[in-house]
There are 2 protein chains.
Amino acid sequence: MATQSVKARLTTAAFALFDERGYEHSTVDDIAERAGVGRTTFFRAFPSKDDVILPDHEVVLSAVKARLAASTQETALVAVSEAARLVLLHYLQEGDVARSRYKLTSSIPALRHREVTSMQQYQRVFREFIHGWMGGGSETGLKAELMATSVVTAHNYVLRRWLRGLTERPEAEFDAAMTSVLELFADINPNRSAEDEASLVIFRTTRQLGSVIPALRKIIG
Amino acid sequence: MATQSVKARLTTAAFALFDERGYEHSTVDDIAERAGVGRTTFFRAFPSKDDVILPDHEVVLSAVKARLAASTQETALVAVSEAARLVLLHYLQEGDVARSRYKLTSSIPALRHREVTSMQQYQRVFREFIHGWMGGGSETGLKAELMATSVVTAHNYVLRRWLRGLTERPEAEFDAAMTSVLELFADINPNRSAEDEASLVIFRTTRQLGSVIPALRKIIG
DNA sequence: AAAGCTATGGTACTGAGTACCATATCGACA
DNA sequence: TGTCGATATGGTACTCAGTACCATAGCTTT
């Protein structure tokens, strides 16, 4: 019977009880009893009651940190995108568990707060990473923060669409969203392009303006 | 003695106790006793213990909603900027209270969560307003969400700098931050500007190029 | 003066979270 | 094999936030 770990048994027991009686009407005693363990053991596995709905949070957060750490100055943005994708993929792999959680976090404030907190933690990791990538100066603080929140927001947007059943291709939508976010910030990045700068060029010619201008118009489109 | 309202007395009592003994070691009974009221009255004034650190939240949130509601399609972005500014100004007016709160939210997780929740509520209001302004279609959902989070993030960034004593001119910094955020999204807005488009202008002149070019350089900078 | 409304205080209860102690299980090692 | 020690678990008792309910004081209304 005890093939699953204690944590896993507690998690399934909790989700089942929350589904049957609702979150408020399921006590920690109930959860522990259904999992076949004592109440004390519950609080050893989870710091608080609401943590039971995000049992893999620490693992995923560590994976995100590891993915970011395994990057260079040139591949930083790819790392950000892929690290965020790790989070999405974890939810996708959870399947029905993720959808159950969504039902719960949508209706129970305490659980919504718990999920918001977890997203804040991802955001913090991204912010520190991006800020470090930008050099860590105070002039890039706001930009780093904006970028981090945007990445997390884009992730959440696609995730929520999938949870609501509004998309069959969450990964493709995620890539699109992430690309548009990174494009948004493209001009203020360290590896900057010259896209925004305009050059004024003056040529000397003996040809008539009347013949030159239509040709110029054609080039500029 | 009871010139202040019950809510105000409870608030000052709470901040004083939190400062003396810390949040965890101040019970709701202690706060109520110092304020000269019963415990029941505390929970009538505040839904939970941690709400006491944001006594004006509902008021400010309503002010933000009102400011947004009093705008037209053309003035939407100004309204967003000024609504966010309302929040900042409220913190600035609080002065030391705001700084005390910052100390508390920085060190006590429960209070940090409370503040995050309040920011989430602002964000939600901004998101819904902006999305409505964009027409409410599903193709603008992500953009609206990104804009709302960015506005709130920029606000928080400047607010935190002021709370840490890193700036003497929070309002000016706020304006700068807000402008840069709105610029960031300028190209995807309904009232788009022609800022990003370049014009090619050709003049006819009889003057020598050698005298014209230095003057042009001076203009362009 | 009686009725009613509102704000407040008090009491009793549930349940989360903590502290502490007791016990069981298992492996290492003599 | 028996013993020690580490780790996981269970149980008990406690604090305190939050809720429900009732009683009462003060004030207005009729």
Side-chain angles (χ1 to χ4, degrees), chain A residues 1-18 20-55 57-58 104-105 107-118, chain B residues 1-18 20-55 57-58 104-105 107-118:
Chain A
M1 176 198 183
T3 61
Q4 281 185 311
S5 72
V6 172
K7 200 165 178 173
R9 288 216 311 279
L10 281 167
T11 305
T12 55
F15 272 89
L17 277 172
F18 294 164
E20 292 171 17
R21 313 181 198 172
Y23 178 76
E24 304 290 349
H25 296 96
S26 311
T27 71
V28 173
D29 280 290
D30 297 335
I31 300 170
E33 191 185 354
R34 177 176 289 217
V37 299
R39 193 178 113 98
T40 313
T41 303
F42 179 93
F43 284 107
R44 281 204 188 88
F46 302 100
S48 69
K49 181 185 174 186
D50 45 24
D51 282 310
V52 79
I53 65 158
L54 289 171
H57 175 63
E58 291 299 326
L104 294 168
T105 55
S107 55
I108 294 123
L111 298 182
R112 174 163 44 248
H113 295 161
R114 181 61 191 87
E115 211 196 19
V116 168
T117 301
S118 84
Chain B
M1 175 198 180
T3 62
Q4 283 184 310
S5 72
V6 173
K7 198 164 177 172
R9 289 217 311 279
L10 281 167
T11 305
T12 55
F15 271 89
L17 277 172
F18 294 165
E20 292 172 17
R21 313 181 199 172
Y23 179 76
E24 304 290 350
H25 296 97
S26 312
T27 71
V28 173
D29 279 290
D30 297 336
I31 300 170
E33 191 185 353
R34 178 176 288 217
V37 299
R39 194 178 112 95
T40 313
T41 303
F42 179 94
F43 284 107
R44 281 205 188 86
F46 302 100
S48 69
K49 181 185 175 186
D50 45 24
D51 282 311
V52 80
I53 65 160
L54 290 171
H57 175 63
E58 290 299 326
L104 293 168
T105 55
S107 54
I108 293 125
L111 298 181
R112 173 161 45 247
H113 295 161
R114 182 61 191 86
E115 212 197 17
V116 168
T117 301
S118 83

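A note on names: the letters A, B, ... follow the listed sequences, proteins ahead of strands, and every chain is numbered from 1.
- Distance NE2 (A/His25) to P (D/dT19): 13 Å, rounded to an integer number of Å.
- Comparing A/Asp29 and B/Gly38 along DNA chain C, the residue whose closest nucleotide (by nearest heavy atom) sits nearer the 5' end is B/Gly38.
- Within the 4.5 Å cutoff, no side-chain heavy atoms of B/Leu10 are placed close to those of B/Lys7.
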- prompt: Nucleotide by nucleotide, 5' to 3', does protein get under 4.0 Å of the base (B), only the sugar-phosphate (S), or neither (-) in nucleotides 17-26 of chain C, counting heavy atoms?
  reply: BB--------
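- As a whole-Å value, the separation of A/Arg9 CZ from D/dA8 P is 15 Å.
- Counting heavy atoms from C-beta on, the side chains of A/Val116 and A/Arg112 come closer than 4.5 Å.
- Between the NZ atom of A/Lys7 and the C1' atom of D/dT9 there is a distance of 17 Å, given to the nearest Å.
- Atom CG in B/Leu10 sits roughly 15 Å away from atom C1' in D/dA17 (whole-Å rounding).
- If you take CZ of B/Phe46 and C1' of D/dT19, they are 18 Å apart, rounded to a whole angstrom.
- At a threshold of 4.5 Å between non-hydrogen side-chain atoms, the residues B/Glu24 and B/Ile108 count as touching.
- With hydrogens and angles left out, the side-chain atoms of B/Asp50 and B/Ser48 include a donor and acceptor closer than 3.5 Å.
- If you measure from atom CD of A/Glu24 to atom P of D/dA17, you get 18 Å, rounded to the nearest angstrom.
- Rounded to whole Å, atom P of C/dA16 lies 17 Å from atom CZ of A/Arg114.
- With contacts defined as side-chain heavy-atom distances shorter than 4.5 Å, the pair B/Phe18/B/Ile31 qualifies.
- Between the B/Arg9 side chain and the B/Ala35 main chain, a donor and an acceptor come within less than 3.5 Å of each other.
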